[in-house]
Amino acid sequence: MKCLIVFGVIVAVFGAFVGYGYLVFSELTRPLPKPEFSDSTYWGPGEAKSYVPDKKIYEFRLDVPQAEIEDLRQQLNRTLRLAEPLDGISFEYGFNSYALDQFVEYWRDKYLTKWDERQELFNKFKQYTTEIQGLNIHFIREKASAEAAAKKHVYPLLLLHGWPGSVREFYDIIPMLTNDQNVTDYAFEVVAPSLVGYGWSDAATRPGFNAAEMATVMRNLMLRLGHKKFFIQGGDWGSIIGSNLATLYPENVIGYHSNMCVLNSPLAILKGIYGTYFSEKIIPSRFFYDHHFPVWDKYADLLRESGYFHIQATKPDTIGAALATSPVGLAAYILEKFQYCTNPGMQQDFGAIVTVFGLEPVLDNLMVYYLTNSITTSVRFYAENVSKAYRDLQLDRVPTPVPMGCSRFRYDLPSVTDWQLRDKFPNLKHSMYFQQGSHFAAMEMPAMLYQDFTAFVGKIGLHGEKPK
Amino acid sequence: MSNVFVRFLIGGLALLVAVGYKNYRDLAAPGKRPDLDNNAYWGPKLGKQIYKENKAILPYDITVNPEVIADLKSQLSRPLKLQEPLEGVGFEYGFNANELRQVVKYWRDTYLTNWSEREQYLKKLDHFQTEIQGLKIHFIHAKPSKEAGKQGKKVLPLLLMHGWPGTVREFYDFIPLLTTPSDKSDYVFEVIAPSLPGYGWSQGSSKTGFGVAQVAVVMRNLMLRLGFEKFLVQGGDWGSLIGSNVAGLFPENVLGYHSNMCGNNSPMGNLKLVLSFVFPSWFVDGQFAHFYRGAGGLFKTIMEEMGYAHIQATKPDTVGNALIDNPIGLASYILEKFSTWTNPAFMALPDGGLTKRFTYDQLLDNVMIYYVTNSITTSMRLYSESMNKAQSSLAVDSVPITAKTGCTRFAHEIAHTPDAILANKFPNLVHSTYFEDGGHFPAFELPEQLYADFTAFVQKADL
């Protein structure tokens, strides 16, 4: 009789633990409602009450004084005393000194010599600035071509870049989006802004400008341009900002497409661990296993690659000052990301950047950071997004009804599976796996990204298209 | 039926205890000293030649080429393109741009104008260089004054090692105290203060694999080269880690080990660390409980302060190349540590409290050594070569240090380790102190305090 009681007590205690565990689990993983969020916070300098809004839209043209180019050339002409790489090391320890020497030489002797050409290229799309919530926002605005407008359904599209990118990433995909292409019934009026704190957009002068604030400014930009409903496409921070926009302002978003479908809610993380062991239950084909699993390997890779994230999220002004005062330093730091985001077979290759991206586009992108001196404000975004204020919003746990499309390029940062995505995007309409390509998809394979984005648009059924 | 159940339960628990006890015995057992090549070659590739070590010990001239100074001045005269700090922010986002402007102004207008004075000051200690295992190693050699012998003081050799982002400059107020006889101590010291390989005027390795243990071999060989078979070791930061490696690997050479950053990275040490989060009172004396911040505090510190270590351990070439020939960037990156690691409370100050404990001259002397020797990249490689599986599999921290040990703890150091957690690594811990002041760079910040503590240890150790 006594041992029955003992047995009963053990079962009861065990049951209590299980019950408590279940309560904790559901508390951590249940979906959350949309948080309260102000869409009119003033982010400009000085006091909000003395702010007089200026709603005009001004034209923008890049016109760099020749003296600045000359000064850059002089700075690039200093004798560099870079440390020799260790024996047998190419890019395993970061950007190789010999490669940096070569890039600097090209930048100085070839690229800067044809700067006027590069500037012309920058200006080939119509650009503007307008003031949103006290911040001057720079953006490209390209309307659909006349032929496309005549034959296709035209929709506005907000195109969002990330770090260390810029609007330059989109220079090949924009003409595809605005012109008549035979693969789709759609064409787009493209709005591609420089993010706040990046490129030719102003930066916030107070702490707190995180990815939810960014989403708000971008949404307000679209409203300013007369677009109450629009598509969003983004990678890197652009993907996260787009996700926040679709979450906070679903009434404005027709569809959201991402080429970096990450999700860091507790439920998604737990599902990822489960998926490592039972992947066949959750991915459409075993060929896609390496995109996601095993999660431990992915974390190990991330640990090796995220030093920049760590220092930018904690000491942005320290590293920012270092990179603002040295164009060679800026080049090493940013080029490392392009070198890495080729593919594993090329990461140690001295010709990787030339082969995958071409030198000029990469240097164009670097010039955006250099000319605007925006490296410090660009890296502050990382600190703002790891702050408690941002994490408390828990936006990854807030579902949104907005139709979503996800394309996964093989060598990008690890994405989550549809099974995980649907917890936040129940209206996931399109999901694609590419067995090639990396992080800077719009630059590396614009045609594939364009193809995938328009395939997603078609699946929403805006004009009676039936799902296949 | 219940009988069987109870038997299973007891049997299962007994098995668990047995397995746990065996694993504990394994964990607590002293580790084996790893087999290292005491003559490994770390220099540049030789091709067909055979390496012949040049054993000459020569005076070293640290004079800086005046062109370097002139070029530096013109770089510091360029218009500054720093981003304004965010409103209301001190050093919470890193080095405050307004303070950096001040530093640059002083550096250009005052410090460099007085450069010849600074250079003379740096030369007041004697500099030498010799070649160890293919690397040219620079060191300061400071002998006690002749008075010391007359006063009957015993002279002990001392290997004194700096860390990152420090240099031998940290010891310029500490060394004179060590070499001058005082009433506090029966001892004076003959000090060897090297620049760590890859730092300052010491050559960096050309090969991968040159981590803490391998540096320890070079440092010990340096002492043997100078004729010191037995010596004391003192260090903080990497100096502390290299020092404990020297003591663990070469017990026959080490008289005593003193550190202001004692740690224990053996499996037993880490197990006890985790336990100390749950049961702090088992490990920490109540009187000093406020020195320990628990799991949350430790995690927060790692997250907030270790970004630099993370990037240096993974991409030293990228961040090193960003700082080469970049004096302002270098100053920002290095001096941030002299603010935050001296006292975390300084983060709230717009000037980072830099001049509360140091002068600009002191701080810039330290930065100049990195700048003129162009050593920032090689200095960072110590992180990548030490924070990897190959190094941790040597398990040097599991080898107990038989030499007498002294650990001192300055309040604002990044993290502390209590004696109870140090036990399996330092079985001969004879001296353990706490100070309610001071930070990560005590030789630089509070040299008298560190000297008093070090000599107290040596007295106690009765060497």
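Proteins get letters first, then strands, A, B, ... in listed order; numbering begins at 1 in each.
- Interface residue A:E384: only side-chain heavy atoms are found under 4.5 Å from chain B.
- Applying the salt bridge (Lys or Arg N to Asp or Glu O under 4.0 Å) criterion to A:R391, with sequence neighbours excluded, gives no partner residue.
- Heavy-atom distances place both the backbone and the side chain of A:S306 under 4.5 Å from chain B.
- Between A:K315 and B:E304, no side-chain nitrogen of the basic residue sits less than 4.0 Å from a carboxylate oxygen of the acidic one, so the salt-bridge criterion is not met.
- Of the two parts of A:E84, only the backbone, made up of N, CA, C and O, holds a non-hydrogen atom closer than 4.5 Å to a non-hydrogen atom of chain B.
- Residues from residues 199-210 of chain B that place a non-hydrogen atom less than 4.5 Å from a non-hydrogen atom of chain A comprise B:S205, B:S206, B:K207, B:T208, given in numerical order.
- In this structure, the side chains of B:H310 and A:L303 come closer than 4.5 Å at one or more pairs of heavy atoms.
- Distance check, rounded to the nearest 0.5 Å: NZ of B:K81 to OG1 of A:T372 gives 9.0 Å.
- Note that CG of B:D325 and CZ of A:R78 are 5.5 Å apart. Values are rounded to the nearest 0.5 Å.
- Heavy-atom minimum distance, B:V89 versus A:P207: CG2-CG, 3.8 Å.
- Interface remark: A:T376 contributes side-chain atoms only to the contact with chain B (heavy atom separation under 4.5 Å).
- For a residue to count as touching a neighbouring chain, one of its non-hydrogen atoms must lie under 4.5 Å from one of that chain's; by this rule A:A204 touches chain B with the backbone only.
- Chain A is approached within less than 4.5 Å, heavy atom to heavy atom, by B:D71, B:Q75, B:R78 from residues 64-80 of chain B, ordered by number.
- No part of B:I334 comes within reach of chain A, as not one of its non-hydrogen atoms sits under 4.5 angstrom from that chain.
- The shortest non-hydrogen separation linking A:T314 to B:M303 is CG2-O, 3.3 Å.
- Contacts with chain A (heavy atom to heavy atom, under 4.5 Å) involve these residues of residues 335-350 of chain B, listed by number: B:E336, B:T340, B:M347.
- In terms of heavy atoms, B:L82 sits closest to A:A321 at CD2-CB, 3.9 Å.
- Proximity to chain B (any heavy atom under 4.5 Å) is shown, for A:L82, by both the backbone and the side chain.
- Each of B:T318, B:D317, B:T377 was evaluated against A:Y93; a single residue qualifies, B:D317, per the side chain to side chain contact (heavy atoms under 4.5 Å, CB included) test.
- Only the side chain of A:A383 comes within contact range of chain B, with at least one heavy atom under 4.5 Å from a heavy atom of that chain.
- Relative to the ring axis of B:Y93, A:R206 does not place its NZ or CZ within 45° and under 6.0 Å from the centre.
- For A:E92, the part lying near chain B is the backbone, with the side chain staying farther off; criterion is any non-hydrogen pair under 4.5 Å.
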